[in-house]
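Working notes, beginning with the structure itself.
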2 protein chains.
Amino acid sequence: MEKTLKRMATMQRMQTTGLELFYSNGYYNTSVDDILKKLSLSKGAFYYHFESKEDFFIQIIQNLLARKIYSVLIEPIEGHDNPLERIEDCFDDALETAVHNEMDFGCVLNNFLTEFRGKDQKIMKHLFDIFSIWEVNLVSALQKGKFNGYVDRHVDCEAAATYLISSYFGVRTLMVGTAPSARKYRFMSQLRMYLKSLEPKAIAV
Amino acid sequence: MEKTLKRMATMQRMQTTGLELFYSNGYYNTSVDDILKKLSLSKGAFYYHFESKEDFFIQIIQNLLARKIYSVLIEPIEGHDNPLERIEDCFDDALETAVHNEMDFGCVLNNFLTEFRGKDQKIMKHLFDIFSIWEVNLVSALQKGKFNGYVDRHVDCEAAATYLISSYFGVRTLMVGTAPSARKYRFMSQLRMYLKSLEPKAIAV
DNA sequence: ACTTTAACCGACCACCCGGTTTGTTTTCTA
DNA sequence: TAGAAAACAAACCGGGTGGTCGGTTAAAGT
């Protein structure tokens with residue numbers, strides 16, 4: 001698999017700038033030529049390495065997006081005792097990168113999920129797989145927190161995960177407008193309130 | 001303004017089916033010909049009534065989207081004493097239409113906001129204006145609720161509005177996948193929890 | 001009945017995009 | 001060092017898109 005060739009270097013260059021442009025302009029609004037122009041490469045090079053634009057994008061999803069989602073949104077949460085604190089920090093960090101107009105991969109996932117809805121079913125499946133992994137890990141982190149006494153035992157962990165992801169996806173849409181920093185601050189204050197409502201209500205009898 | 005002519009009828013037909021296709025396929029993925037084919041009309045008719053595709057879309061935003069947003073997401077909330085109950089019902093209704101794959105105009109707004117981000121600044125401004133109106137009204141409804149004793153006086157109404165809209169926008173992305181009905185149920189359960197955390201904490205001294 | 005004008009048709013244009021093909025350069029290897 | 005294979009260049013193709021334009025129908029006014 002690991003063809004220690006020049007091949008890999010070029011493919012990775014294409015994929016990283018591809019993701020950049022797909023993220024900022026959208027998949028359908030980014031032509032293959034746009035990516036190649038930025039790299040001073042030609043169509044021949046592209047179609048030598050990739051079957052099609054769709055195949056190219058799917059490889060980006062699996063090689064870049066999936067791994068980034070894991071390292072930024074999943075790995076920081078799992079394996080700790082108190083998931084609520086971890087979730088708060090994780091969201092805070094992710095939104096902070098968003099404030100600085102850097103690539104926030106949660107937002108990337110959200111954008112692509114809306115862009116491909118009802119259009120490219122194949123790509124949609126890959127995107128949704130990534131999302132599912134995130135969701136499952138968030139649910140199990142909450143359940144573990146419940147087991148360890150950091151989350152109230154009446155909390156519906158699946159519902160909480162849905163709500164958390166929803167709010168996160170949504171706030172990224174709002175942050176493209178005016179004063180993203182202020183919006184982040186407001187969002188985080190209410191997120192903390194919500195997370196507090198998940199804490200154990202009283203000392204168990 | 002009101003040219004009681006055939007003009008208006010044709011323009012409205014174009015706009016309604018235009019919104020339908022733009023919503024389900026996206027703006028850039030819907031050609032003018034797609035719309036015209038569905039109406040058995042020709043290019044000549046279209047460009048007789050509208051300057052451009054962009055102008056056409058902006059008119060759709062102002063004539064259809066803005067009014068729908070108002071009647072579905074703003075008007076049901078304003079003018080009542082307890083905003084928390086109204087918000088819950090309003091979101092419930094809106095998501096119920098979403099479950100049935102009908103056009104949920106909040107989702108429409110969310111989709112367009114993500115689709116045009118960084119692309120068409122002119123359209124973006126129009127979309128954001130609509131969003132702002134929604135946000136302002138939600139904030140003032142919460143403040144009024146605070147005044148009337150339905151919302152805790154420590155609540156940051158702007159932050160709460162941000163959080164509510166965020167969660168609403170976000171859940172619509174999740175509902176395109178598996179089991180939208182289940183996701184709606186989970187979302188609503190947590191929304192109720194959050195809204196409860198906005199209620200007055202204790203009887204005032 | 002005749003003219004005017006609003007409403008509409010459909011061929012056409014320039015452009016863009018994904019993809020193919022043919023040919024050239026680089027790089028590895030025997 | 002010769003040749004084969006890998007890596008890339010660039011012209012080209014077919015389909016689609018936003019938009020134009022001269023012409024045609026239908027209605028309205030006189």
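Quantities reported herein were computed from a predicted structural model and do not represent experimental measurements. Residue numbers start from 1 in every chain, and the chains themselves are labelled A, B, ... in the order their sequence lines are given, proteins ahead of strands.
The stretch residues 14-39 of chain B has no heavy atom under 4.0 angstrom from DNA chain C at all. Within residues 42-55 of chain B, the residues having any heavy atom closer than 4.0 Å to DNA chain C are, in order of number, B/S42, B/K43, B/G44, B/A45, B/Y48, B/H49.
In this structure, A/R13 places its CZ atom 13 Å from C1' of D/dA7, rounding to the nearest Å. Between the NZ atom of B/K6 and the C1' atom of C/dC9 there is a distance of 13 Å, given to the nearest Å.
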Is there a ring-ring contact (aromatic ring centres under 6.0 Å, His included) between B/F116 and B/Y28? Walk through the geometry before answering.
CA-CA 9 Å; B/F116 288 107; B/Y28 293 107; 5.7 Å; yes
A/D92 vs A/K184, salt bridge (charged side-chain N to carboxylate O under 4.0 Å, His left out): CA-CA, chis, key distance, verdict:
CA-CA 8 Å; A/D92 195 291; A/K184 181 205 162 185; 3.2 Å; yes
Verify side-chain hydrogen bond (donor to acceptor under 3.5 Å, both in side chains) between A/S132 and A/D129, making sure each step is shown before the conclusion.
CA-CA 5 Å; A/S132 293; A/D129 283 347; 5.2 Å; no
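At C/dA6, none of the side-chain N or O atoms of B/R7 fall inside 4.0 Å of OP1 or OP2 (strictly under the cut-off).
Cation-pi geometry between B/R117 and A/Y23 is met: under 6.0 angstrom from the ring centre, within 45 degrees of the axis. Both tests pass for A/K53 against the ring of A/Y27: distance under 6.0 Å to the centre and angle within 45° of the axis.
A/L164 is listed as a side-chain neighbour of A/L191, based on a closest heavy-atom distance under 4.5 Å. Here the side chains of A/Y48 and A/R7 are in contact, with some heavy-atom distance below 4.5 Å. Counting heavy atoms from C-beta on, the side chains of B/R183 and B/T178 come closer than 4.5 Å.
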